[in-house]
Amino acid sequence: MNPYLELLAREASAVEFEGPVLQARAAGLDTAELEEDKFAALKVRAMLRRRARREAELSALFDTAGDLAGLTDLDAVLAAIVQRARRLLSTDIAYMTLHDPERGDTYMRVTDGSISARFRRLRLAMGAGLGGLVAESGTPYNTADYFADERLRHTNTIDEAVHEEGLVAILGVPLRLGTQVIGVLFAANRSARPFVQEEVALLCSLAAHAAVAIDTARLLQETRSALAELSEANSLISAHSEAIERAADAHDRMTGLVLRGGGVEDVAAVVTEVLGGTVTVLDDEGRPLVGEAADLDSGVFDAARSSRALGRTVKRGGAYVASVDVGAAPVCTLVLRTEQQVAAADQRILERGAIVTALLLLFRRSVAEAEGRVRGELLDDLISRPDLTGLGERARRLGVDLDLPHVLVVARHEGQRERAAFWASSHATLAHGLAAARGDEVVLLVPGDAPGAVARRVARELSSSLGRPATAGAARAAASGSAAEKDPGTVASGVPDAYREAQRCADALIALGRDGDGASADELGFVGLLMGEGRDVSGFLGSALGPVLDYDGRRGTALIRTLTAYFGAGGSLSRTADALHIHVNTVTQRLDRVGQLLGADWQEPERALEIQLALRLHRLRSHITDA
């Protein structure tokens with residue numbers, strides 16, 4: 001029988017495999033064949049030991065996987081992993097550190113084989129020591145002699161703890177969850193030794209299991225927390241089943257209202273019927289759509305802002321406030337006032353009411369905007385292309401009868417273009433007219449034959465909507481030229497002229513300091529000479545001031561300015577000189593020149609009034625032309 005088979009069978013040490021060769025040499029026998037058998041047997045022995053080691057490693061990993069499958073105690077699983085690492089790598093100590101996100105370093109979580117209390121309390125900054133380097137880089141590192149390794153950033157705290165533990169050779173591998181390093185698993189010896197690649201791979205496998213265990217424990221904890229929350233929620237639901245049924249009923253009723261085309265008032269009625277008390281519905285500007293605003297104070301509006309931020313009902317005093325926004329812009333707010341305490345489930349009803357109200361308002365706004373665009377395009381065509389074929393048919397489809405008398409209004413405003421356009425579109429729709437937004441003005445074409453009254457109403461209501469003055473000029477939109485002869489009733493061909501006249505009226509009101517007012521050219525007195533179509537403004541100015549205007553134009557003098565200052569000073573030469581910052585003699589000379597140009601009677605009452613009117617008209621026309 002081959003002696004090496006017996007040695008292999010009893011797992012003899014490598015030294016014992018020299019015995020048969022030595023015996024053969026002592027007996028004077030040829031040992032060549034025995035040497036070959038010895039080398040073959042040693043190879044088989046090494047292979048068997050590798051397989052046994054691999055079997056032990058796989059068994060340890062299998063046991064670890066089993067621990068994970070039945071995970072109930074994270075500390076026990078991590079301790080088992082560290083113990084297996086120490087045993088499989090045959091090291092003096094094994095330990096694990098975990099990342100502390102609050103402090104930005106790692107702390108000792110589990111140790112096996114440690115004898116130093118300081119070492120067990122050790123914390124490693126990111127990048128410091130071998131563990132900090134592994135945690136920072138996410139790459140395994142090992143050193144055969146820790147204190148002699150210049151790759152590592154040594155610190156007194158770490159070095160003192162390692163020295164007290166007596167460690168020399170250290171291997172560390174990262175614990176990963178995806179791309180995140182959550183800790184480091186170590187195996188260390190108290191004497192110098194190298195760590196081969198197989199040992200690094202084994203420790204990495206154990207580290208992967210440890211990371212899974214930590215993540216599983218986290219998920220289990222989150223699951224337990226979620227189950228606890230669900231249990232609590234279930235208890236609350238059971239305790240408030242009646243309120244939930246009431247909320248579902250209210251929700252169904254409000255949904256039905258939307259499907260049947262109900263309005264904001266209907267939603268408020270449902271909320272009031274279900275919850276009691278009184279409900280006030282506010283729009284995006286805080287103005288009441290339903291109910292009264294008399295009892296609303298600043299606390300309610302503060303609560304509305306808080307409600308939008310939190311997405312929940314907010315209580316202020318005796319009011320419950322639910323507000324809805326879209327894109328950080330408020331849409332509506334429901335304010336419930338009741339003497340009864342409103343439970344959390346019932347507050348959801350108020351929130352549902354606010355959401356349904358917001359949907360109704362947004363739907364109305366979308367419809368109004370779509371219709372407003374169509375109406376605006378038609379009005380733009382009437383202004384710029386009144387001879388376009390099919391304008392009358394397009395107007396009829398929108399419910400606008402261009403055969404009726406119409407008034408065109410130009411309303412000037414500052415800012416809030418979107419709100420002004422929305423108001424104009426809504427107003428035109430209700431009046432069976434048209435509206436268009438053009439920069440800082442809105443244009444309306446509405447049925448009527450009293451442009452002054454319409455202009456004042458538009459100025460008043462638009463100013464109220466914007467919270468700032470809006471100035472409106474208006475003119476009749478009447479057919480002109482051949483169109484008037486064929487069909488005197490149609491207004492399409494008269495819209496461009498009416499638009500220009502309404503613009504001039506609005507400009508004149510602003511020039512006169514009448515911001516927030518409305519008027520037509522007929523109501524502006526002598527200023528109407530400048531505003532209306534077909535007025536002989538140039539002829540009036542020429543007859544009253546022509547020679548003076550021509551003289552100033554030819555010679556660059558300031559006779560018109562001097563006349564204006566003279567009448568403004570009540571005919572006082574000295575005050576005129578002060579106003580113009582010139583000498584009294586200069587004023588006298590200029591007025592003498594005016595007398596030569598206009599005639600000696602230029603200061604007679606009737607002539608003087610005519611000249612003053614012409615001066616004001618000239619100033620207004622210059623102002624509007626410059627604008």
Side-chain angles (χ1 to χ4, degrees), residues 57 60 63-64 67 73-176 181-196 199-200 202-211 213-214 217:
E57 293 173 355
D63 291 341
T64 302
D67 292 341
D73 185 349
L74 177 62
D75 291 339
V77 173
L78 295 182
I81 291 174
V82 171
Q83 290 170 1
R84 288 166 188 149
R86 179 188 178 194
R87 185 175 69 251
L88 290 173
L89 272 67
S90 300
T91 56
D92 297 324
I93 181 175
Y95 53 98
M96 179 188 300
T97 60
L98 294 182
H99 178 59
D100 186 342
E102 293 184 0
R103 298 181 56 172
D105 61 2
T106 60
Y107 64 95
M108 199 70 68
R109 181 68 166 78
V110 182
T111 63
D112 186 62
S114 173
I115 58 175
S116 168
R118 175 186 292 184
F119 185 78
R120 290 193 295 271
R121 295 192 301 269
L122 183 63
R123 300 186 74 96
L124 287 77
M126 300 297 286
L130 186 140
L133 182 61
V134 174
E136 184 178 59
S137 65
T139 304
Y141 275 87
N142 69 83
T143 178
D145 189 344
Y146 174 79
F147 292 100
D149 197 331
E150 296 181 354
R151 298 174 304 166
L152 308 179
R153 179 161 65 89
H154 293 271
T155 67
N156 291 335
T157 303
I158 297 175
D159 286 358
E160 289 173 2
V162 172
H163 184 270
E164 185 173 299
E165 189 65 52
L167 301 182
V168 177
I170 306 174
L171 165 63
V173 299
L175 277 68
R176 288 182 174 275
V181 176
I182 63 170
V184 181
L185 179 61
F186 299 87
N189 246 29
R190 294 188 174 91
S191 59
R193 62 163 283 186
F195 290 95
V196 298
E199 293 175 319
V200 175
L202 173 60
L203 199 61
C204 284
S205 297
L206 290 171
H209 282 78
I214 294 169

Would [X] and [Y] pass as an ion pair if we require N to O under 4.0 Å?
| X | Y | result |
| --- | --- | --- |
| Glu136 | Arg153 | no |
| Glu165 | Arg120 | no |
| Asp92 | Arg86 | no |
| Asp112 | Arg87 | no |

Is there a side chain to side chain contact (heavy atoms under 4.5 Å, CB included) between Ser191 and Val168? Walk through the geometry before answering. CA-CA 5 Å; Ser191 59; Val168 177; 5.6 Å; no
Considering non-hydrogen atoms only, spot the tightest contact between [X] and [Y] and give its length.
| X | Y | value |
| --- | --- | --- |
| Ala85 | Thr91 | O-OG1, 4.5 Å |
| Arg151 | Asn142 | NH2-O, 2.7 Å |
| Ala79 | Val110 | CA-CG1, 3.7 Å |
| Ala210 | Leu175 | CB-CD2, 3.9 Å |
| Ser137 | Arg176 | O-NH2, 4.4 Å |
| Ile93 | Gly113 | CG1-C, 4.0 Å |

By the definition side-chain hydrogen bond (donor to acceptor under 3.5 Å, both in side chains), identify the one residue from Thr106, Thr157, Asp105, Thr97 that meets it with Arg123.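 Option passing the side-chain hydrogen bond (donor to acceptor under 3.5 Å, both in side chains) with Arg123: Asp105.
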Hey, is the main chain of Ala144 close enough, under 3.5 Å, to the side chain of Arg193 for a donor-acceptor pair?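 No; judged by distance alone, with no hydrogens or angles, the pair does not exist.
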Within a strict 4.5 Å, meaning less than it, do heavy atoms of the [X] and [Y] side chains meet?
| X | Y | answer |
| --- | --- | --- |
| Arg121 | Met108 | no |
| Val181 | Val134 | no |
| Gln83 | Ile81 | no |

Ring-plane angle category for His154 and Tyr146, please: parallel below 30°, perpendicular beyond 60°, tilted otherwise.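 Ring orientation, 0 to 90° scale: perpendicular.
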Side chain to side chain contact (heavy atoms under 4.5 Å, CB included) for Phe147 and Asp149? Distances and angles first, verdict last. CA-CA 6 Å; Phe147 292 100; Asp149 197 331; over 6 Å; no
